[in-house]
Amino acid sequence: MDENKPLKVRLTFSVILVGVSLLFAAVVTDHWAVLSPKVEEYNATCEAAHFGLWRLCTKRIFMQEQGPKEKGCGPISLPGEHNCSYFKHFTPGQSSEIFEVTTQKEYSISAAAIAIFSVGFAIIGTICVLLSFRKKRDYLLKPASMFYTFAGLCIIISVEVMRQSVKRMIDSEETVWIEYSYSWSFACACASFVLLFICGIALLLIALPRFPQNPWETCMDAEPEH
């Protein structure tokens, strides 16, 4: 038996917990993308927006005259009146017309649903790893590694769905947005994919039985079962 296996598992699990934390941060926050309309008049207010999987936030920003290369409203970090509302298809009765007109309802629902699957896989994987810390339960590391890998794949699919949603939003003739950028929630989702996917595979390799290091090692060298 590999004497360093428990240490490897704990180190890998520590990195996975960082990935799970980034995953939760990405799912619950609303800074996936920042949208900016064209500014027609200066020394007046314009309305920029940022959104996530569940809600849209708009911000009225007072714009002074910009440089020749700057045409949009923002940056979003400037002070202004802030207002957030959940998407209408998640909370009937609440209004988010500014979003409904310029994007597809199916994209938003799909991205959110896939992200929920990712969170579910990550939670189940964490439960399996915690249970495996008890004696003679190392067999739980294999399903845990698969759950983490699935969680990483789900969140990157959600990222791609969101990216396509933003792209179609900008390309739409009905939209008022001319500029967009991805924000820190989007970065958290991408980082969580890298950590969960790579560490999930690493955990699987650690959980696999050790291969013979020398050609003369045989099954007879294995420890007897009790």
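Position 1 is the first residue of the sequence; numbering continues from there. Values below: every heavy atom of this structure, side chains too, minus hydrogens, waters and symmetry copies.
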Quick one: salt bridge (charged side-chain N to carboxylate O under 4.0 Å, His left out) pairs with a partner in residues 14-34, sequence neighbours left out? Asp30-Arg55
Kindly determine whether Arg10 and Phe133 satisfy side chain to side chain contact (heavy atoms under 4.5 Å, CB included), including the steps that lead there. CA-CA 9 Å; Arg10 283 171 170 77; Phe133 288 155; 4.3 Å; yes
According to side chain to side chain donor-acceptor pair (under 3.5 Å), who are the partners of Thr29, at least two apart in sequence or on a separate chain? Ser185
Partners meeting ring-ring contact (aromatic ring centres under 6.0 Å, His included) with Phe24 (sequence neighbours left out): none
Derivation of the side chain to side chain contact (heavy atoms under 4.5 Å, CB included) call for Leu203 and Thr149: CA-CA 10 Å; Leu203 188 62; Thr149 304; over 6 Å; no
Other hydrophobic cluster members with Leu7, side-chain heavy atoms of Ile/Leu/Val/Met/Phe/Trp/Tyr under 4.5 Å, chained? Leu11
Applying side-chain contact (heavy atoms from CB on, under 4.5 Å) to Val18 and not counting sequence neighbours gives Leu22, Leu195
For Phe150, is the CZ atom crowded, meaning more than 12 foreign heavy atoms sit under 6.0 Å from it? no
Test item: Trp32 side-chain N/O and Ala26 main-chain N/O as donor-acceptor pair under 3.5 Å: yes
With Thr126 via side chain to side chain donor-acceptor pair (under 3.5 Å) - residues at least two apart: Tyr148
Can you check side chain to side chain contact (heavy atoms under 4.5 Å, CB included) on Leu196 and Phe121, steps first, answer last? CA-CA 11 Å; Leu196 291 174; Phe121 285 137; over 6 Å; no
Give me the atom names and distance for the closest heavy-atom approach of Val27 to Ala115. CG2-CB, 4.1 Å
In terms of heavy-atom contacts, does OH of Tyr182 have more than 12 from other residues, nucleotides or ligands at under 6.0 Å? yes
For Ile201 and Ser145, run side chain to side chain contact (heavy atoms under 4.5 Å, CB included): C-alpha distance rounded to whole Å, both residues' side-chain angles, the deciding distance at 0.1 Å, then the answer. CA-CA 6 Å; Ile201 294 177; Ser145 65; over 6 Å; no
The side-chain contact (heavy atoms from CB on, under 4.5 Å) partners of Ile206 (sequence neighbours excluded) come to Lys5, Lys8, Val9, Thr12
Taking only residues at least two apart or on different chains, which pairs with a member in residues 112-125 satisfy side-chain hydrogen bond (donor to acceptor under 3.5 Å, both in side chains)? none
For residues 154-163, which residue pairs pass the side-chain hydrogen bond (donor to acceptor under 3.5 Å, both in side chains) check, not counting sequence neighbours? Glu160-Arg163, Glu160-Gln164
Among residues two or more places apart or on two chains, list those pairs meeting salt bridge (charged side-chain N to carboxylate O under 4.0 Å, His left out) that have a residue in residues 117-126. none
Could I get the full list of ring-ring contact (aromatic ring centres under 6.0 Å, His included) partners for Phe197, not counting sequence neighbours? Phe193
By side-chain contact (heavy atoms from CB on, under 4.5 Å), which residues pair with Ala122, not counting sequence neighbours? Val20, Leu23, Ala151
Measuring only between side-chain heavy atoms, which start at C-beta, is Phe51 closer than 4.5 Å to Leu35? yes
